[in-house]
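All of these numbers come straight from a predicted model, not from anything done at the bench. Throughout, numbering of the chain's residues begins at 1 and tracks the sequence.
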Amino acid sequence: EVGMIAGARSMGLGKFFGGLEGDNDGTVAISETRLPGLAEHVVVAASHSGLIVSAQAAELAGNFLETGHFSR
């Protein structure tokens, strides 16, 4: 199963040069992260590069790996 964690803090060069539409993380639009076949999808308050240091994203990923769901 695949889960997707998307960021919603628009920071970075992508917001100025990427032509992102709608809510985004500064690099990827949230709409681009809603892929067919995902078991779960969640949005956190983090920029694209901020996702790797986000405690919330880490906890959600751990939950998903342990249980197949983002929340316990």
- Note on the structure: With sequence neighbours left out, the residues meeting side chain to side chain contact (heavy atoms under 4.5 Å, CB included) with Leu65 are none
- Message: The criterion is side-chain hydrogen bond (donor to acceptor under 3.5 Å, both in side chains); which residues satisfy it with Ser54, sequence neighbours excluded?
- Response: none
- Query: Does Phe70 offer a backbone N or O that forms a donor-acceptor pair with the side chain of Asn63 under 3.5 Å?
  - Reply: yes
- Message: Looking at every non-hydrogen atom in both residues, tell me the closest pair between Thr33 and Met4 and how far apart they are.
- Response: O-CG, 3.5 Å
- Task: Would you name the heavy atoms of Gly68 and Glu1 that are closest together and state the gap between them?
- Result: O-OE1, 4.0 Å
- Contacts of His69 that satisfy side-chain hydrogen bond (donor to acceptor under 3.5 Å, both in side chains) - sequence neighbours left out: Glu40
- In short, Asn24 meets Ser10 closest at the heavy-atom pair OD1-OG, 2.9 Å
- Item | Pairs satisfying salt bridge (Lys or Arg N to Asp or Glu O under 4.0 Å), at least one member in residues 45-69, at least two apart | Glu66-Arg72
- Under 4.5 Å side-chain linkage, directly or through intermediates, the cluster mates of Val28: none
Donor-acceptor pairs under 3.5 Å, side chain of residues 46-53 to any protein atom, not counting sequence neighbours: which ones?
| residue | atom | partner | partner atom | Å |
| --- | --- | --- | --- | --- |
| Ser47 | OG | Gly50 | N | 3.0 |
| His48 | ND1 | Asp25 | OD2 | 2.8 |

- Task: Grab the two heavy atoms, one from Ala6 and one from Ile30, that are nearest each other, plus how far apart they are.
- Result: CB-CG1, 4.5 Å
- Message: On a heavy-atom basis, which atom in Ala8 and which in Val43 lie closest, and how many Å separate them?
- Response: CB-CG1, 3.5 Å
- Message: Val42 vs Gln56, test: side chain to side chain contact (heavy atoms under 4.5 Å, CB included). Steps then yes/no.
- Response: CA-CA 11 Å; Val42 66; Gln56 182 184 16; over 6 Å; no
